Novice: 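Quick one: the structure is below, and I'll ask about it shortly.
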Amino acid sequence: MEFVKITENKKAYLELLLLADEQESMIDRYLERGELYVLMDQGVQAVCVVTDEGNGILELKNLAVRPETQRKGYGRAVIRFLQKCYGGRYQILQAGTGDSPLTVPFYESCGFSRSHTVKNFFLDHYDHPIYEAGVLLKDMVYFQMELSGKKQEE
């Protein structure tokens, strides 16, 4: 496995980014100001975008794994990579997601804890209803994980 930082032509990965954030105009709000990484393992398996939100907070704005390779550890590998890469430089890794039975358990199992909720985020910011695992996404649930000192851990 190898992580590659993409600095140009980030939209080339739009098809994969849309798996995690299905409205292109929302991706446009963070893609250019964020850092895009691609996980390569016999081809592109996952992508992620992180942004500096100030006050020592690094936000995971997008994490997408190819559907055919989901549940094979690539999502967790991305989280571990971010811990190693940004630990010591940021205090908190934060991720916002819909209150879904697919994503909430993933973040919790990776060591994230619930932080706060933004009511009606999906209803207010997307031009269409978004369903995940049969659930209408309404609120954005934020999870956080401490990064302090994690740069040295394996």
Side-chain angles (χ1 to χ4, degrees), residues 1-53 57-87 89-90 92-115 118 121-123 125-145 147 150-151 153-154:
M1 260 188 282
E2 176 187 12
F3 286 89
V4 178
K5 184 176 181 178
I6 306 300
T7 57
E8 296 178 353
N9 197 20
K10 294 178 181 182
K11 284 271 189 134
Y13 298 93
L14 184 61
E15 182 179 340
L16 201 46
L17 292 165
L18 284 166
L19 292 175
D21 193 345
E22 63 182 60
Q23 188 167 303
E24 186 174 352
S25 65
M26 293 299 284
I27 294 171
D28 289 341
R29 293 170 68 176
Y30 57 79
L31 185 59
E32 287 309 314
R33 73 179 179 96
E35 295 185 343
L36 171 65
Y37 293 96
V38 175
L39 187 160
M40 303 292 291
D41 188 17
Q42 298 177 350
V44 176
Q45 300 303 327
V47 295
C48 75
V49 179
V50 292
T51 59
D52 182 338
E53 296 301 311
I57 297 174
L58 180 73
E59 186 164 334
L60 177 57
K61 292 284 193 181
N62 192 309
L63 170 57
V65 177
R66 290 200 174 286
E68 60 273 17
T69 59
Q70 289 176 359
R71 300 199 176 282
K72 300 203 184 300
Y74 291 119
R76 288 183 196 290
V78 169
I79 300 297
R80 285 192 305 272
F81 167 76
L82 294 174
Q83 288 173 315
K84 288 181 194 175
C85 186
Y86 291 97
R89 292 170 35 197
Y90 289 85
I92 300 288
L93 176 60
Q94 172 173 282
T97 188
D99 200 357
S100 157
L102 292 180
T103 54
V104 169
F106 168 75
Y107 285 109
E108 290 175 337
S109 71
C110 287
F112 286 83
S113 299
R114 282 182 186 252
S115 169
V118 177
F121 180 88
F122 291 97
L123 301 176
H125 292 89
Y126 285 80
D127 63 12
H128 63 284
I130 299 177
Y131 290 88
E132 190 170 287
V135 174
L136 174 64
L137 301 184
K138 297 177 186 174
D139 303 334
M140 174 82 78
V141 179
Y142 279 90
F143 290 86
Q144 292 187 340
M145 163 193 292
L147 285 179
K150 294 220 175 203
K151 189 170 191 166
E153 293 179 12
E154 283 301 316

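Small disclaimer: the values here were computed from a predicted structure and weren't measured. Note: hydrogens, waters and symmetry copies are ignored here, and every other heavy atom, side chains too, is used.
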Novice: Among all residues two or more places apart in sequence or in another chain, which pass the ring-ring contact (aromatic ring centres under 6.0 Å, His included) test with Phe81?
Specialist: Phe3, Tyr37
Novice: Roughly how far, to the nearest 0.5 Å, is OH of Tyr86 from CG of Leu60?
Specialist: 10.5 Å
Novice: Counting N and O atoms only, with roles assigned by atom type, does the side chain of Gln70 sit under 3.5 Å from a partner on the main chain of Val65, one being a donor and the other an acceptor?
Specialist: yes
Novice: With heavy-atom distances below 4.5 Å as the criterion, would you say the side chains of Leu17 and Leu36 are in contact?
Specialist: yes
Novice: Only counting residues at least two apart or in another chain, list the ones meeting side-chain hydrogen bond (donor to acceptor under 3.5 Å, both in side chains) with Glu53.
Specialist: Arg33, Thr51
Novice: State which residues pass side-chain hydrogen bond (donor to acceptor under 3.5 Å, both in side chains) with Lys138; sequence neighbours excluded, sorted by chain then number.
Specialist: none
Novice: Could you list all the salt bridge (charged side-chain N to carboxylate O under 4.0 Å, His left out) pairs where at least one residue sits in residues 40-50, not counting sequence neighbours?
Specialist: none
Novice: So, Asn62 side chain and Val49 main chain: donor-acceptor pair closer than 3.5 Å or not?
Specialist: no
Novice: From Ile92 CD1 over to Leu58 CG, what is the distance, rounded to the nearest 0.5 angstrom?
Specialist: 10.5 Å
Novice: Checking Ser25 now: which residues fulfil side-chain hydrogen bond (donor to acceptor under 3.5 Å, both in side chains) with it, not counting sequence neighbours?
Specialist: Gln23
Novice: Quick one: list whatever passes ring-ring contact (aromatic ring centres under 6.0 Å, His included) with Phe122, sequence neighbours left out.
Specialist: Tyr126
Novice: Where is the tightest heavy-atom contact between Tyr131 and Pro129, given as atom of each residue plus distance?
Specialist: CE1-CB, 3.8 Å
Novice: Might you confirm whether atom CD of Glu8 has over 12 heavy atoms from other residues, nucleotides or ligands at distances under 6.0 Å?
Specialist: no
Novice: Are any side-chain N or O atoms of Lys5 and backbone N or O atoms of Glu35, one a donor and one an acceptor, separated by less than 3.5 Å?
Specialist: no
Novice: Only pairs at least two apart or in different chains count here, so list each salt bridge (charged side-chain N to carboxylate O under 4.0 Å, His left out) that has a residue in residues 16-26.
Specialist: Lys11-Glu24
Novice: For the residue pair Gly96 and Glu59, what are the closest heavy atoms and their distance?
Specialist: N-OE2, 4.5 Å
Novice: Quick one: closest heavy-atom pair of His125 and Met26, and the distance?
Specialist: O-SD, 3.5 Å
Novice: Which value, rounded to the nearest 0.5 Å, describes the distance between Thr7 atom OG1 and Lys10 atom NZ?
Specialist: 7.5 Å
Novice: Taking it one step at a time, do Tyr107 and Met145 satisfy side-chain contact (heavy atoms from CB on, under 4.5 Å)?
Specialist: CA-CA 9 Å; Tyr107 285 109; Met145 163 193 292; over 6 Å; no
Novice: Quick one: pull up CD1 in Ile57 and CG in Asp52 and give me the separation to the nearest 0.5 Å.
Specialist: 9.5 Å
Novice: Taking only residues two or more places apart in sequence, or in another chain, which ones meet Tyr74 in a ring-ring contact (aromatic ring centres under 6.0 Å, His included)?
Specialist: none
Novice: To the nearest 0.5 Å, what is the distance between OH on Tyr90 and CG on Leu82?
Specialist: 11.0 Å
Novice: Can you list the residues that meet the ring-ring contact (aromatic ring centres under 6.0 Å, His included) rule with Phe106, with sequence neighbours excluded?
Specialist: none
Novice: Using only atom types and a distance under 3.5 Å, with no angle test, would you say the side chain of Lys61 pairs donor to acceptor with the backbone of Cys48?
Specialist: no
Novice: Minimum heavy-atom separation for Val104 to Gly98, with atom names?
Specialist: CG2-O, 3.9 Å
Novice: With Glu32, which residues qualify under side-chain hydrogen bond (donor to acceptor under 3.5 Å, both in side chains), at least two apart?
Specialist: none
Novice: For Arg114, give me all partners under salt bridge (Lys or Arg N to Asp or Glu O under 4.0 Å), at least two apart in sequence or on another chain.
Specialist: Asp99, Glu108
Novice: Test His128 against Ile130 for side-chain contact (heavy atoms from CB on, under 4.5 Å), laying out the working first.
Specialist: CA-CA 6 Å; His128 63 284; Ile130 299 177; 3.9 Å; yes
Novice: Once rounded to the nearest 0.5 Å, what's the spacing between atom CG of Leu93 and atom CD1 of Ile79?
Specialist: 6.0 Å
Novice: For the residue pair Thr97 and Leu63, establish whether any side-chain heavy-atom pair is separated by less than 4.5 Å.
Specialist: no
Novice: For Ser100 versus Pro105, what's the shortest heavy-atom pair and its separation?
Specialist: O-CD, 3.8 Å
Novice: Going by heavy atoms in the side chains, are Arg76 and Cys110 under 4.5 Å from each other?
Specialist: yes
Novice: Does the side-chain contact (heavy atoms from CB on, under 4.5 Å) test come out yes or no for Gln83 and Leu147, once each step is laid out?
Specialist: CA-CA 6 Å; Gln83 288 173 315; Leu147 285 179; 3.9 Å; yes
Novice: Taking only residues two or more places apart in sequence, or in another chain, which ones meet Val44 in a side chain to side chain contact (heavy atoms under 4.5 Å, CB included)?
Specialist: Tyr13, Leu16, Val38, Met40, Val47, Arg66
